Amino acid sequence: MGTGEIEKAYRLARERYGDIGVDTERALSRLERVPLSLHCWQGDDIGGFERPDAHLAAGGIQVTGGHPGKARAVEELRCDLDKAFSLIPGRHRLNLHASYGEFGGRRVDRDEIEADHYRGWVQWARDRGLKLDFNATCFSHPKADSGFTLSSKDDAVRAFWIEHVERCRAVGAFMGRELESPCLHNLWIPDGSKDTPVDRWGHRRLLRDALDEIYATDYPPNEMKDALESKLFGIGSESFVVGSHEFYLAYALEHGKLVCLDLGHFHPTESIADKVSAILTFSEEVLLHLSRGVRWDSDHVVILSDDVRALMEEIVRGGALDRVHLALDFFDASLNRVGGWVIGARAVLQALLLALLQPNERLKEIEEAGDAFGRLALFEEFKALPFGAVWDYHCARSQVPIAAAWRREIAEYDAEVTSERS
Ligand code: RNT
Ligand code: ZN
C-alpha cells in the first residue's frame, strides 16, 4: 500500500471515528508520547554477558525453543535492538538486567558491579535518544541455587544479595542522571519453596528487613524509582513465594515504592485490568510487565489479546497514562527473537491506540444514565471500526513499515544476520 492509499484510508477512518465523537488526531498525538520499556533479555534468552561464567536462566524462569540466532555479545544484542526499535513507532526505553553489564571478559560477581560496567549502554542509549531502566539480577547464580536470596536464612547469602541490589540502585540512579530521565529499578527475586514450608513468617520478616536495608539510601525521584515485583508461583516455588502480591503491595504502600504487576504472575482468571484503579487509588504510580502466560507464567510473546486491551482501556479511562510505566517482559526462543520484540511492542501500542479511540466521556454518561444496553452496544460497535487504517497511518507517519513490509524486514534480517549465528 502506498502513502496515498494509507492517507485515503485514514481520512475515511477519521470520519467514522468522528461520528462517534472520537478525535483520531488527538488519540495519535497521545499515543506518540507513551514510552514502552523494551526488555533486553528477549534478545538472548536472559543469558547476559557474565561469560565465561554465565549461568543458564535459572530460578523459576524458563526459556524454551531452539530458534537460531540469539545475540552472543553486546554488539549483537545492540544490533538486534536497533533493528527492533526501527520497526516500532515512537520513542522508547531499554530495560537492562544487571547481568548485561560490560565486564571486559573479567569475572565480576554480582556484589562487585559498578556504574562503569554500564557506561557503554548509557552512551549507546544517549546516541539514540533512548532512556534506560534497570533490574537487579537475583537469579541464575550459584548463590541463588538454594531458592532463597534476600530472604535467605544464611546471613552471608543474604548480605551478598543486599549488596548486589544496593549497587543496582546506584547504577540505576547513575543511568537516570546521565540520561535525564528517572530510571525505574525493578526488583524481582525467586525466593520461595517447592513444598510447604513451616516458616513462612521468618522468610518474610527477613525479606522486609533486607528491603529496609536496601532502601535506606534515598535517591532523588528524578534519578531513579523503585518497583517491587510479586509472583504467584514459579518452577521450584510452587508452594510458597516469599514476595507475594500482598507482601509487596503492603511494603510498597508503606514505603512509597511502586508495585510491579506482571501479567503472568496472577491466577489465570484474575484481571490485572481490575487492579489498576484499586492500586492507583492509593499509590502514585505502578509498573506493568506486559507478558502472556499460556496456562502458566510461560512468558509468551505479547499479542493484541483481550486482557491487554482491557488493561489499556482501564488506564486510559482513568486518565492514568502518566502514572503507569509500561514494560515488556517475555522470552520466546522458538521464533525470531527480534520479531518477537516487535510483535509484543506493536501489540501493546495497538491496544493503547484502541483504548484511546473510544468515546470514554460519552460512555460514562451512558453508564451513569443507567443505560446498560447502550453501553454494551457501543462496546460492540467499536470492534468493527476501521482501527487498522489509523494504525497504518500512525506507522507511516512515524516512518515505520506497515503490515507485510515489516514482516519482510524481519525475514530478511533473519536470513542475513541472525541465522548466520551459530
Ligand atoms: C520473573 C519476572 C521477572 C523476569 C525478569 C527477567 O518471573 O517476571 O520480571 O521475567 O526479571
Ligand atoms: Zn516480570
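Since we're looking at a predicted model, the values are computed, not measured. Ligands are counted one by one from 1 in listed order, and the atoms in each one are counted from 1 as well.
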Could you walk me through whether H67 and S334 pass side chain to side chain donor-acceptor pair (under 3.5 Å), step by step? CA-CA 5 Å; H67 192 84; S334 73; over 6 Å; no

Aromatic plane relationship, W188 with H265 - under 30° parallel, 30 to 60° tilted, over 60° perpendicular: tilted

Compute both the distance and the angle, then confirm whether K257 meets the cation-pi test with Y251: under 6.0 Å from the six-membered ring centre, within 45 degrees of the axis. no

Are the side chain of D332 and the backbone of R337 linked by a donor-acceptor contact shorter than 3.5 Å? no

Would you mind listing which atoms of ligand 1 come within a distance below 4.0 Å of any non-hydrogen atom of D262? 8 (O)

Within a distance under 4.0 Å of any heavy atom of F331, pick out the atoms of ligand 1 and give their elements. 10 (O)

Is there a donor-acceptor pair under 3.5 Å between the side chain of H117 and the backbone N or O of E114? yes

Whether the side chain of D44 engages the backbone of G48 through a donor-acceptor N/O pair (distance < 3.5 Å, no angle test) should be reported. yes

What atoms in ligand 1 come closer than 4.0 Å to a heavy atom of I61? 1 (C), 7 (O)

I'd like to check which ligand 1 atoms, numbered from 1 as shown, lie under 4.0 Å from a non-hydrogen atom of D297. 7 (O)

Could you tell me if any non-hydrogen atom of H265 lies under 4.0 Å from any atom of ligand 1? yes

With atoms numbered from 1 as shown, which atoms in ligand 1 lie under 4.0 angstrom from a non-hydrogen atom of E229? 2 (C), 3 (C), 8 (O), 9 (O)

Sort by chain and number the protein N/O/S atoms found under 2.8 Å from the Zn ion (ligand 2). E229 OE2, D262 OD2, H289 ND1, D329 OD2

Could you tell me whether a side-chain N or O of T137 sits under 3.5 Å from a main-chain N or O of A98, the two making a donor and an acceptor? yes

Would you call R93 and L36 a side-chain contact if the rule is heavy atoms closer than 4.5 Å? no

How far is atom 11 (O) of ligand 1 from the closest protein heavy atom, and which atom is that? H97 NE2, 2.7 Å

Taking NZ, NE, NH1 and NH2 as the nitrogens, is one of them in R119 or D116 under 4.0 Å from a carboxylate oxygen of the other? yes

Is ligand 1 under 4.0 Å from a heavy atom in the side chain of N135, in the backbone, in both, or in neither? neither

If the contact criterion is a heavy-atom separation under 4.0 Å, does D329 count as touching ligand 1? yes

To check your reading of the model: name the closest protein heavy atom to atom 7 (O) of ligand 1, its residue, and the distance in Å. K231 NZ, 2.7 Å

Numbered atoms of ligand 1 (with element) below 4.0 Å of H289, judged on heavy atoms: 9 (O)

Is a side-chain N or O of S291 found less than 3.5 angstrom from the main chain of D329, in a donor-acceptor match? yes

Is E270 paired with K275 through a side-chain N to carboxylate O contact shorter than 4.0 Å? yes

